[in-house]
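Working notes for the structure below.
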Amino acid sequence: MKRAPAPLPRSFYAANPRRGPHASGVPFGPETVDIARDLLGCVLWRRLGDELLAARIVETEAYLGANDRASHARGGLRSARNRSMYLAGGHAYVYFTYGMHFCMNVVTAEEDIAEAVLLRAAEPIHGIETIRRNRPKAKRDSDLLSGPGKLCMGMAINREQDGLPLDGKALFITAREVVIEDQEIEVTSRIGIDNSGEASQWPLRFLIRGNPHVSGRKR
DNA sequence: TTATTGATTGACT
DNA sequence: GTCAATCAATAAA
């Protein structure tokens, strides 16, 4: 069985949302934006019994808590669904949407600050046979994890992983194995949140430029 | 209590 | 390009 590197330390996820304006132009939540960027290239691991699945993160989006109209925590809302968003940085927030899909976030910042990074797409690097079985409708390998719902389906992530720490046995994230230059990172507005006013335009989506495993239709 | 909508995907024209 | 699937969370009444 493949041996995984050590998980990222909890300090990796310790954003400080009160530090001030950010160079991105977003008027708050500076560090969670940086964590969304830094998560590109990091590896998401999932243990299923004896088997380890792994995928390199290639697309993320930052969600900035109470002041972000697109966030499930907009206006400071607390509910049974978004409870995990208020955990300390370094936990998973997994939710169910459209009656059929799960999406996984990496919670950032301190406890009671509901900031998080949505994992939108990844590139399978280990356990790909199992990932293919989990994604029977995928027509090619670059579609196995090329969207937030696909990523959860392929990596067998569901309600049971909501609230888990990201340095645990069943689910964890490890550091980049190669350098990623700033020029390799593309920044856009977020997907699927058109009804969130100005927040719809904020540059909070990060992806590895030209990577075939990102979300969206392919040529 | 009922109605609307969604951090999506996949099939179809 | 359009649209159905499918249901929980949230909003509206």
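Lettering follows sequence order; numbering is per chain, from 1. Quick note: numbers below take in every heavy atom, side chains included, and nothing from hydrogens, waters or symmetry partners.
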Query raised in the report: With a non-hydrogen cut-off below 4.0 angstrom, is A:Asn105 in contact with a base, only sugar-phosphate, or nothing?
Result: base
* Can you check whether A:Asn158's main-chain N or O pairs, donor with acceptor, with A:Gln161's side chain at less than 3.5 Å? -> yes
*asked:* Is a donor from one side chain sitting under 3.5 angstrom from an acceptor on the other, for A:Ser215 and A:Ser146?
replied: no
Next on the checklist: Over all strands shown, is A:Met85 touching base, sugar-phosphate only, or nothing at heavy-atom distances under 4.0 angstrom?
Outcome noted: base
Side-chain donor-acceptor contact under 3.5 Å, A:Glu51 with A:Thr130: yes
So the contacted stretch of DNA chain C, first to last nucleotide with an atom under 4.0 Å from a non-hydrogen atom of chain A, runs from C:dG1 to C:dT10
(request) Quick one: label A:Arg81 by what it contacts on the DNA or RNA (base, sugar-phosphate, nothing), any heavy atom closer than 4.0 Å. (result) sugar-phosphate
Which pairs would a plain distance check flag for residues 70-81 of chain A, meaning a side-chain donor or acceptor within less than 3.5 Å of a matching protein atom at least two apart in sequence or in another chain?
residue	atom	partner	partner atom	Å
A:Ser71	OG	A:Ala73	N	2.9
A:His72	ND1	A:Tyr93	OH	2.8
A:Arg74	NH1	A:Ser71	O	2.7
A:Arg78	NH2	A:Asp112	OD1	3.0
A:Ser79	OG	A:Arg81	N	3.4
A:Ser79	OG	A:Asn82	N	3.4

- [ ] Answer yes or no: are there more than 12 heavy-atom neighbours, outside A:Arg132 itself, under 6.0 Å from its atom CZ?
- [x] yes
Counted 5' to 3', the first and last nucleotides of DNA chain B within 4.0 Å (strictly under) of a heavy-atom of chain A are B:dG6 to B:dA11
Q.
Just to be sure I understand the rule, does A:Arg205 reach a base, reach only the sugar-phosphate, or reach nothing, if contact means heavy atoms closer than 4.0 Å?
A. nothing
P atoms of C:dA12 and B:dA7, separation to the nearest Å: 16 Å
Side-chain polar contacts of residues 164-179 of chain A - donor-acceptor pairs under 3.5 angstrom, sequence neighbours left out - could you list them?
residue	atom	partner	partner atom	Å
A:Asp167	OD1	A:Arg10	NH2	3.2
A:Asp167	OD2	A:Arg10	NE	3.2
A:Thr174	OG1	A:Trp45	NE1	2.8
A:Arg176	NE	A:Leu40	O	2.6
A:Arg176	NH2	A:Arg37	O	3.2
A:Arg176	NH2	A:Leu40	O	3.2

Do A:Ile128 and A:Ile57 share a hydrophobic cluster (ILVMFWY, side-chain heavy atoms under 4.5 Å, transitive)? yes
Note to self: Within the 4.0 Å heavy-atom criterion, would you say A:Ile193 contacts the bases, only the backbone, or no part of the nucleic acid?
What the structure shows: sugar-phosphate
Residue pairs meeting salt bridge (Lys or Arg N to Asp or Glu O under 4.0 Å), one or both in residues 147-165 of chain A, sequence neighbours left out, come to none
Output row for DNA chain C, stems defined as at least 3 consecutive Watson-Crick or G-U pairs under 3.5 Å, is B:1-6 with C:7-12, B:8-12 with C:1-5
Say we look at C:dT6 and B:dT2: how far apart would their P atoms be, to the nearest angstrom?
23 Å
On DNA chain C, more 5' by nearest nucleotide between A:His101 and A:Arg159 is A:His101
